[in-house]
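Notes follow once the structure below has been shown.
Computed from a predicted structure; not experimentally measured.
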Amino acid sequence: MSHRALRPVDLAREAGVSTQQIRNYADTGILPPAERTAAGYRRFDTRHREALLAYRALAKGYGWEAARSIMLAVHDGDLTGALALVDACHAALHGQRLALRATGEALEAVAGQDPGGPAAPQSALRIGEVAALLGVRASALRVWEAAGLLTPQREPGTGYRWYGPAEVRDARMIHMLRQGRYPLTRIGDVLDGLRATGSTEALRAALEERGAALAATAVAMLEGSARLHDYVAGARRQA
């Protein structure tokens, strides 16, 4: 099969990047080796186009670093290693799905707790005690407070922070949501609804939003792996 000659600008336009970026891709092995003219210019062709499209599609689902590692393995002749990287990314996504489900169940349980119930601390805690209880740094609690998510009481005179049962419950929820990669502003919506009306509607919406994001990533992975398959299959046919 003949390969149509392509210029760096042709590849750049198709991918929506600069010609320098195309050269960078070639230099780092993301694109297959290219022959050079007598004047030293690279000769690109349709193989490089397919590699470029595969890499860009992989990056949308697997991330730039993983996509780069996958393409480097393919061009090193290590297809088994490339597929292992693909499998690892899918396993990580599945792990995120399981973690989201577990986090959702735990958050619902925490949100439904009576701040003054038997499971709650029976006395106010200092910032270091809350940090130890949650397994976070005290600085994280200060960041959450600065963002308006926590409002611990202050001890007259010393200014020491004291966290009552409600603040401890909210800190637990913030910690779980942060582990699920929720932004502070989104967490604020969840806590506002819970404090104002006891409603977990915003919490459920946040969990659904995260689930939708994971689904979108899965679709992007599917598209990326399809492009990779086409590229690898095409290279085998031409070998």
Side-chain angles (χ1 to χ4, degrees), residues 60-63 66 88-156 159-224:
K60 291 179 181 178
Y62 297 84
C89 290
H90 283 278
L93 180 64
H94 181 60
Q96 291 180 49
R97 287 184 183 279
L98 295 179
L100 177 64
R101 183 183 306 166
T103 298
E105 293 171 353
L107 282 168
E108 288 282 1
V110 171
Q113 286 179 358
D114 177 2
Q122 297 306 302
S123 60
L125 303 178
R126 289 193 174 183
I127 189 169
E129 294 172 314
V130 178
L133 182 66
L134 301 182
V136 301
R137 295 177 182 271
S139 58
L141 293 168
R142 296 190 184 97
V143 169
W144 301 343
E145 181 182 345
L149 302 180
L150 292 175
T151 54
Q153 299 296 312
R154 293 281 187 160
E155 184 178 80
Y160 290 142
R161 296 172 174 82
W162 288 100
Y163 294 78
E167 286 76 29
V168 172
R169 180 202 62 181
D170 290 351
R172 287 183 190 276
M173 292 190 64
I174 295 167
H175 178 45
M176 290 181 190
L177 288 166
R178 287 299 285 166
Q179 287 182 310
R181 303 180 184 179
Y182 291 90
L184 295 178
T185 53
R186 196 75 179 88
I187 295 173
D189 294 338
V190 172
L191 293 178
D192 288 345
L194 184 63
R195 290 166 180 163
T197 65
S199 171
T200 58
E201 182 178 343
L203 171 59
R204 292 192 178 94
L207 295 172
E208 289 175 3
E209 184 179 289
R210 177 63 177 158
L214 293 179
T217 297
V219 170
M221 282 183 166
L222 185 63
E223 294 174 351

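The minimum heavy-atom distance between Gly104 and Leu207, with the atom names listed, is CA-CD1, 3.6 Å. Minimum interatomic distance between Val130 and Ala171 (heavy atoms only, all atoms of both residues): CG1-CB, 4.3 Å. When every heavy atom of Arg97 is checked against every heavy atom of Ala215, the shortest pair comes out as NH2-CA, 3.7 Å.
Around atom CZ of Arg101, no more than 12 heavy atoms belonging to other residues, nucleotides or ligands sit under 6.0 Å away.
Expressed to the nearest 0.5 Å, how far NE2 of His90 lies from OH of Tyr62 amounts to 3.0 Å. A distance of 10.5 Å separates CD of Glu208 from CG of Leu100, quoted to the nearest 0.5 Å. One finds the CD1 atom of Ile187 at 11.5 Å from the CG atom of Asp192 (value rounded to the nearest 0.5 Å).
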### Task
With side chain to side chain contact (heavy atoms under 4.5 Å, CB included) as the test, would you mind laying out the steps for Leu214 and Leu93 before giving the verdict?
CA-CA 7 Å; Leu214 293 179; Leu93 180 64; 3.8 Å; yes
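In terms of modelled atom types and a separation under 3.5 Å, the side chain of Glu223 and the main chain of Ala220 share no donor-acceptor contact.
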Let me check something: any side-chain donor-acceptor pairs from residues 173-186 under 3.5 Å, sequence neighbours excluded? List them with distances.
| from | atom 1 | to | atom 2 | distance (Å) |
| --- | --- | --- | --- | --- |
| His175 | NE2 | Leu134 | O | 3.3 |
| Arg178 | NH1 | Tyr182 | O | 2.8 |
| Tyr182 | OH | Ala206 | O | 3.1 |
| Arg186 | NE | Glu209 | OE1 | 3.1 |
| Arg186 | NE | Glu209 | OE2 | 3.4 |

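With sequence neighbours excluded, the residues satisfying side chain to side chain contact (heavy atoms under 4.5 Å, CB included) with Arg126 are Glu129, Glu155, Tyr160, Trp162. Legend: residues meeting side chain to side chain contact (heavy atoms under 4.5 Å, CB included) with Arg142, ordered by chain and number and at least two apart, are Ile127, Ala138, Ser139, Arg161. Evaluation of the side chain to side chain donor-acceptor pair (under 3.5 Å) rule for His94 yields no partner, not counting sequence neighbours. Judged as a side chain to side chain donor-acceptor pair (under 3.5 Å), and not counting sequence neighbours, Thr103 has no contacts.
Of the residues listed (Asp170, Val168, Val143), the one engaging Leu150 in a side chain to side chain contact (heavy atoms under 4.5 Å, CB included) is Asp170, and it is the only one.
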